[in-house]
Amino acid sequence: MATFPFEIKATEGKARAGVLKTPRGDIRTPAFMPVGTAGTVKALYMDQVKDAGADIILGNTYHLMLRPGAERVQRLGGLHAFAHWDGPMLTDSGGFQVWSLAQLRKMDPDGVTFQSHIDGSTHRLTPARSIEIQADLLGADISMQLDECTDYPCSHEEAERSLDLSLDWGQRSLEAFGDRDSQTLFGIIQGSNYADLREKSAKGVVSQGFGGIALGGLAVGEGHEQMCATIDLTVPHLPDHLPRYVMGVGKPIDLVESVARGIDMFDCVLPTRSGRHGQAWTWDGPVNVKNAKFAEDLSPLDEAVNCPASQDYSRAYYHHLFKAGEYLGPMLLSWHNTAFFQALMQEIRDSIAEGRFEALRSRLQTAWASTKS
Ligand SMILES: Nc1nc2c(CCNCC3CCCCC3)c3[nH]c(NCCc4ccccc4)nc3cc2c(=O)[nH]1
């Protein structure tokens with residue numbers, strides 16, 4: 001397994017600004033990774049994703065193994081060629097999506113058997129099969145170990161059982177990954193919100209020798225404050241030199257507060273999912289364009305976001321598009337939100353490099369206080 005060079009360029013407190021160097025290109029951190037679920041960042045062309053500033057996108061083992069099938073994606077040249085994205089790509093192992101989407105799933109110590117939510121066909125994921133799909137068939141630059149995302153809340157005993165299973169699957173994932181020299185594998189920490197279990201999981205994952213470390217089991221309903229508290233008690237057990245990735249996070253306020261606690265990488269469906277439903281994220285906080293107050297508002301979504309979707313169309317036009325159910329509504333708003341999330345990460349990176357991150361953080365805590373729920 002390769003360990004990609006991770007250079008920290010600047011720090012402010014626990015916040016780090018750096019570059020993760022991969023064979024398919026550099027990833028500027030802190031980085032927000034747009035989610036390309038089934039080989040597409042929903043409603044966007046890859047050029048728009050790239051122009052918005054994204055260095056890396058996510059692919060999804062669960063969705064692609066069900067349709068069109070992982071072997072078919074390989075026959076078609078792999079996910080980069082298939083989806084027309086030539087930059088770095090990270091794929092999740094599929095475990096989380098099995099929990100959140102599949103029907104009739106059956107767990108055992110070696111893996112999980114489940115029925116497709118699409119056509120009911122039976123599938124099985126083991127650590128080795130997940131690595132084969134991610135690294136061999138889809139061709140991911142960064143793969144994730146197969147893990148069990150522990151339900152929240154849960155007992156200490158249940159959290160420890162789950163953590164131990166993920167540690168075992170992490171070891172098997174590393175063995176299956178072998179010595180691929182142009183791809184890397186990240187481990188995933190579990191442990192729910194128990195300090196002793198997060199420490200046990202962190203020390204276990206760090207000792208196994210991954211190319212990066214993810215914090216799993218978060219953004220599962222615990223809320224902003226609990227998520228921050230869990231990050232606070234996990235990061236001290238992580239080495240400075242490996243990238244840290246909080247999975248499934250999150251809202252803009254979550255990104256800022258996680259960067260302040262030493263996190264480098266994020267993914268979330270929020271920009272495109274909320275965009276499809278009329279929610280626009282701006283520097284002043286979220287607005288829902290379907291609100292009647294925008295019916296004759298000629299102002300742009302956000303003066304400070306340098307994207308045609310943010311500058312060239314009025315809020316009144318967005319209001320009309322969503323009231324009329326026009327396709328262009330979700331398309332433009334997904335584009336704006338994707339550009340806003342990238343503009344936020346760029347401002348975070350610049351502020352750390354210029355020693356003004358804490359000033360940015362306190363300004364955004366005030367502007368976005370109501371979004372912490
Ligand atoms: N292995 C693994 N993945 C996790 C994920 C999936 C991360 N996104 C993958 C991505 C791949 C491509 C398809 C989409 C998913 C999580 N997502 C969330 N919360 C999302 C909370 C959320 C936020 C906004 C809207 C919906 C849900 N917590 C997560 C915890 C884990 C975890 O422990 N282990």
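Ligands are counted one by one from 1 in listed order, and the atoms in each one are counted from 1 as well. Residue numbers start at 1 and run along the sequence shown. Values in this document were obtained by computation on a predicted structure and should not be read as measured data.
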Next on the checklist: Counting the benzene-type ring for Trp, do Phe341 and Phe32 have ring centres under 6.0 Å apart?
Outcome noted: yes
Item to check | Candidate pair Ser162 and Glu148, rule side chain to side chain donor-acceptor pair (under 3.5 Å), full reasoning | outcome: CA-CA 6 Å; Ser162 183; Glu148 180 183 70; 2.5 Å; yes
Checklist entry - Among protein heavy atoms, which lies nearest atom 15 (C) of ligand 1, and at what distance? => result Gln97 NE2, 3.3 Å
Next on the checklist: Suppose we measure from atom 5 (C) of ligand 1 to each protein heavy atom; which comes out shortest, and what is that distance?
Outcome noted: Phe96 CG, 3.4 Å
Checklist entry - Just heavy atoms, cut-off under 4.0 Å: does Thr150 contact ligand 1 by side chain, backbone, both, or neither? => result neither
Checklist entry - To which protein heavy atom is atom 28 (N) of ligand 1 closest, and what is the distance rounded to 0.1 Å? => result Leu218 O, 2.7 Å
Next on the checklist: Between ligand 1 and Tyr245, is the shortest N or O to N or O distance under 3.5 Å?
Outcome noted: no
Checklist entry - What is the nearest protein non-hydrogen atom to atom 22 (C) of ligand 1, stated with its residue, atom name and distance? => result Gly248 O, 4.4 Å
Next on the checklist: So if I count the atoms of ligand 1 from 1 in the order they appear, which ones are less than 4.0 Å from some heavy atom of Ile188?
Outcome noted: 1 (N)
Checklist entry - How about Tyr62 and Phe114: are their ring centroids closer than 6.0 Å? => result yes
Checklist entry - Hey, is ligand 1 close enough to Asn60 that some N/O pair sits below 3.5 Å? => result no
Checklist entry - Nearest 0.5 Å, what's the CG-CD1 distance between Leu90 and Ile27? => result 8.0 Å
Item to check | Steps toward salt bridge (Lys or Arg N to Asp or Glu O under 4.0 Å) verdict (Arg349, Glu12) | outcome: CA-CA 11 Å; Arg349 294 191 292 264; Glu12 184 176 338; over 6 Å; no
Checklist entry - In the protein, what heavy atom is nearest to atom 7 (C) of ligand 1, and what distance, to one decimal place, separates them? => result Asp267 OD1, 3.5 Å
Checklist outcome for this item: Here the atoms of ligand 1 under 4.0 Å from any heavy atom belonging to Leu58 are 9 (C), 10 (C), 11 (C)
Checklist entry - Passes side-chain contact (heavy atoms from CB on, under 4.5 Å), Leu20 versus Asp264? Steps please. => result CA-CA 10 Å; Leu20 179 59; Asp264 308 299; over 6 Å; no
Next on the checklist: Contact between ligand 1 and Gln145 is defined here as a heavy atom of the residue under 4.0 Å from a ligand atom; is it met?
Outcome noted: no
Next on the checklist: If I apply the N/O under 3.5 Å rule, does Cys149 come out as touching ligand 1?
Outcome noted: no
Item to check | Per-atom contacts of ligand 1 with Val35, taking only distances under 4.0 Å to non-hydrogen atoms | outcome: 12 (C), 13 (C), 14 (C)
Checklist entry - Would you say Gly217 touches ligand 1, if touching means a heavy atom closer than 4.0 Å? => result yes
Checklist outcome for this item: Given the options Thr61, Leu79, Asn60, Gln134 meets side chain to side chain contact (heavy atoms under 4.5 Å, CB included) only with Thr61
Item to check | Ligand-residue contact atoms, ligand 1 with Gly216, heavy atoms, under 4.0 Å | outcome: 32 (C), 33 (O)
Next on the checklist: Under a 3.5 Å distance rule, please check whether Arg315 uses its side chain to pair with a backbone N or O of Pro300 as donor and acceptor.
Outcome noted: yes
Next on the checklist: Could you measure the distance from the CG atom of Asp350 to the CG atom of Leu360? Nearest 0.5 Å is fine.
Outcome noted: 10.0 Å
Checklist entry - For Ala135, does its backbone N or O pair with a side-chain atom of Gln183 as donor and acceptor, under 3.5 Å? => result yes
Item to check | Distance in Å, Ile352 CD1 paired with Arg361 CZ, rounded so as to fall on 0.5 Å steps | outcome: 11.0 Å
Item to check | Under-4.0 Å protein heavy-atom contact, atom 30 (C) of ligand 1 | outcome: yes
Item to check | Polar side-chain atom of Ser116 near backbone of Ile118 as donor-acceptor pair, under 3.5 Å | outcome: yes
Item to check | Nearest-neighbour protein heavy atom for atom 19 (N) of ligand 1, which is reported as residue plus atom name and distance | outcome: Ala219 O, 2.9 Å
Item to check | CD-CD distance between Gln208 and Gln171, expressed to the nearest 0.5 angstrom | outcome: 5.0 Å
Checklist outcome for this item: Quick look: Cys268 vs ligand 1, heavy-atom contacts under 4.0 Å, and the answer is side chain
Checklist entry - Relative to the heavy atoms of Val269, which atoms of ligand 1 are at a distance of less than 4.0 Å? => result 14 (C), 24 (C), 25 (C), 26 (C)
Next on the checklist: Looking only at protein heavy atoms, which one is nearest to atom 32 (C) of ligand 1, and what is the separation?
Outcome noted: Asp147 OD2, 3.6 Å
Checklist entry - What part of Arg273 sits under 4.0 Å from ligand 1 if we count only heavy atoms: the side chain, the backbone, both or neither? => result side chain
Checklist outcome for this item: the protein heavy atom lying closest to atom 3 (N) of ligand 1 turns out to be Asp92 OD2, 2.9 Å
